[in-house]
Amino acid sequence: MGNFDLLKAKGVSRRDFMKLVAATTAALGLPELFVPQAASALEQALKKPPVIWLEGMDCTGCTESAIATLNPSPAELVLDMLSIRYHETIMAGSGQTSEEAYQSALKENFVLIVEGACPAKEEYDRFCMVGGKPFRTTLIEAARKAQAIIAIGSCASEGAGIPGACASGAVGVGEILRTAGISTPLINLPCCPVKPTTLIGTIVYYLTYHKAPPLDSQNRPLAFYGTLLHDNCPRRGHFENGEFLTDWNDPLQKQYCLMLKGCKGPQTYTDCAQVWWNDNANFCINAGSPCSGCSEKSFYKEFSPLYAKQEMFKLPGIGQINADTVGAVIGGAAAVGLGAHLIATAASGRLSSKDHDRKEDM
Ligand code: SF4
Ligand code: SF4
């Protein structure tokens with residue numbers, strides 16, 4: 001069966017396939033001319049590069065997120081096109097059969113996807129044992145042999161999810177690689193859970209170029225984590241006008257800026273405001289929830305309580321400032337006709353995401 005025939009057999013039309021490739025290349029900021037090249041690379045990928053998908057200290061939310069959305073679905077793309085040889089949640093096999101599948105995939109030129117955090121050292125190993133073995137041992141073994149590693153979700157990326165906030169010694173994959181002296185290329189895709197569009201986009205880029213996309217200093221692809229949420233927020237106009245939501249029950253405040261309700265948008269690099277979740281259905285702030293900063297390594301440990309006003313707040317271009325001061329100063333300035341942007345610009349010369357650090361291609 002030809003490569004594209006495989007997709008057809010799964011009910012994915014050529015049109016759907018090309019639409020997905022076009023959307024992904026656009027999200028990566030690549031020119032339209034690049035679409036045929038990406039499509040051809042992806043069709044070649046139907047030859048099934050093997051993938052080992054390990055789960056450590058996780059809630060399986062990233063798996064759920066990846067397989068529950070888009071048309072064609074990530075299940076078809078990730079499970080059929082990438083040939084996932086080992087995945088504890090979705091594989092049919094169990095026990096000895098799954099261990100054999102894992103051992104056999106280890107002998108190939110595989111890509112390693114990691115979901116969940118990992119105990120940092122031996123004394124914490126008891127918090128995550130899989131198949132009778134410490135997860136840390138399995139991760140180190142697979143990471144040494146993989147051609148590349150994609151750490152998905154906040155837990156695997158920086159140990160920034162709930163396990164990292166508990167007394168379980170949980171860290172992200174990067175920390176395990178550093179302590180074990182492993183230099184396999186690592187791409188971090190934080191968010192709680194990972195966004196399917198981010199995962200698919202990264203996979204398409206990697207299969208096309210055989211290398212990681214341009215990354216920031218936290219190994220996050222700039223295409224998806226290069227802009228500050230606050231700069232693209234639909235409530236930004238209200239922030240500029242000093243209109244902050246303080247009373248959930250006041251219908252007049254419904255669309256106001258959520259900063260005083262704990263929004264971490266000014267400290268969060270993500271494309272959530274541009275590419276919404278669940279087939280573009282919605283995203284947190286538009287649905288009325290403050291951003292909890294799940295794409296940042298400060299998520300949970302430093303950003304919690306997630307939905308309470310932070311006493312000290314970091315605004316780009318200004319630095320640490322008391323949240324009440326922001327509300328009072330911007331509110332007062334708005335009353336005399338000065339916008340927050342103008343105040344921030346006067347205070348610092350800028351109010352943008354230009355200070356986001358960049359790392360060279362791997
Ligand atoms: S603080 Fe949050 S709700 Fe307010 S403008 Fe910034 S990102 Fe939007
Ligand atoms: S808006 Fe914020 S909390 Fe919501 S998914 Fe995006 S980064 Fe996470």
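Both ligands and their constituent atoms are indexed starting at 1 by order of listing.
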Ligand-side contact atoms (ligand 1) for residue partner Pro266, heavy atom cut-off under 4.0 Å: 1 (S)
Exam field: side chain Asn188 to backbone Gln218, donor-acceptor pair closer than 3.5 Å: yes
Whether Phe299 lies under 4.0 Å from ligand 2, heavy atom: no
Those atoms of ligand 2 less than 4.0 Å from some heavy atom in Trp277: 5 (S)
Atoms in ligand 1 with a heavy atom of Ile285 nearer than 4.0 Å: 7 (S)
Ligand 1 atoms in contact with Gly265 (distance to a heavy atom under 4.0 Å): 7 (S)
May I have the list of side-chain donor-acceptor pairs in residues 132-140 shorter than 3.5 Å, sequence neighbours left out?
{"residue": "Arg136", "atom": "NE", "partner": "Asp125", "partner atom": "OD1", "Å": "2.9"}
{"residue": "Arg136", "atom": "NH2", "partner": "Asp125", "partner atom": "OD2", "Å": "2.9"}

For Leu258, atoms of ligand 1 separated by under 4.0 Å from a heavy atom: 3 (S), 4 (Fe)
Spacing of Asn219 atom CG and Tyr225 atom OH [to the nearest 0.5 Å]: 11.5 Å
Sidechain N-carboxylate O distance under 4.0 Å for Glu296, Arg220: yes
Contact atoms of ligand 1, heavy-atom distance to Met259 under 4.0 Å: 1 (S)
Candidate pair Glu243 and Arg235, rule salt bridge (charged side-chain N to carboxylate O under 4.0 Å, His left out), full reasoning: CA-CA 9 Å; Glu243 292 164 347; Arg235 295 176 189 247; over 6 Å; no
Heavy-atom nearest neighbour of atom 1 (S) of ligand 1 within options Cys257, Pro290, Ser289, Ala273: Cys257
Atom pair CG (Asp271) and OG (Ser295), whose distance is rounded to the nearest 0.5 Å: 9.0 Å
Shortest protein heavy-atom distance from atom 8 (Fe) of ligand 2, along with the residue and atom involved: Cys294 SG, 2.4 Å
Name of the His230 atom (N/O/S only) found closest to atom 6 (Fe) of ligand 1: ND1
Salt bridge (Lys or Arg N to Asp or Glu O under 4.0 Å) against Glu100, all qualifying residues, sequence neighbours excluded: none
For Cys263, the ligand 1 atoms whose distance to one of its heavy atoms is below 4.0 Å: 1 (S), 2 (Fe), 3 (S), 7 (S)
Exam field: side chain Glu115 to backbone Gly56, donor-acceptor pair closer than 3.5 Å: no
Close side-chain approach of Glu158 and Glu175, heavy atoms under 4.5 Å: no
Cys272: numbered ligand 2 atoms lying under 4.0 Å from its heavy atoms: 1 (S), 5 (S), 6 (Fe), 7 (S)
Closest protein heavy atom to atom 4 (Fe) of ligand 2, given as residue, atom name and distance to 0.1 Å: Cys284 SG, 2.3 Å
Proximity flag Cys291 to ligand 1, non-hydrogen atoms under 4.0 Å: no
Mutual orientation of the aromatic rings belonging to Tyr86 and Tyr102 [parallel < 30°, tilted 30-60°, perpendicular > 60°]: tilted
Heteroatom test (N, O or S) for Cys233 near atom 2 (Fe) of ligand 1, limit 2.8 Å: no
For Arg236, the ligand 1 atoms whose distance to one of its heavy atoms is below 4.0 Å: 5 (S)
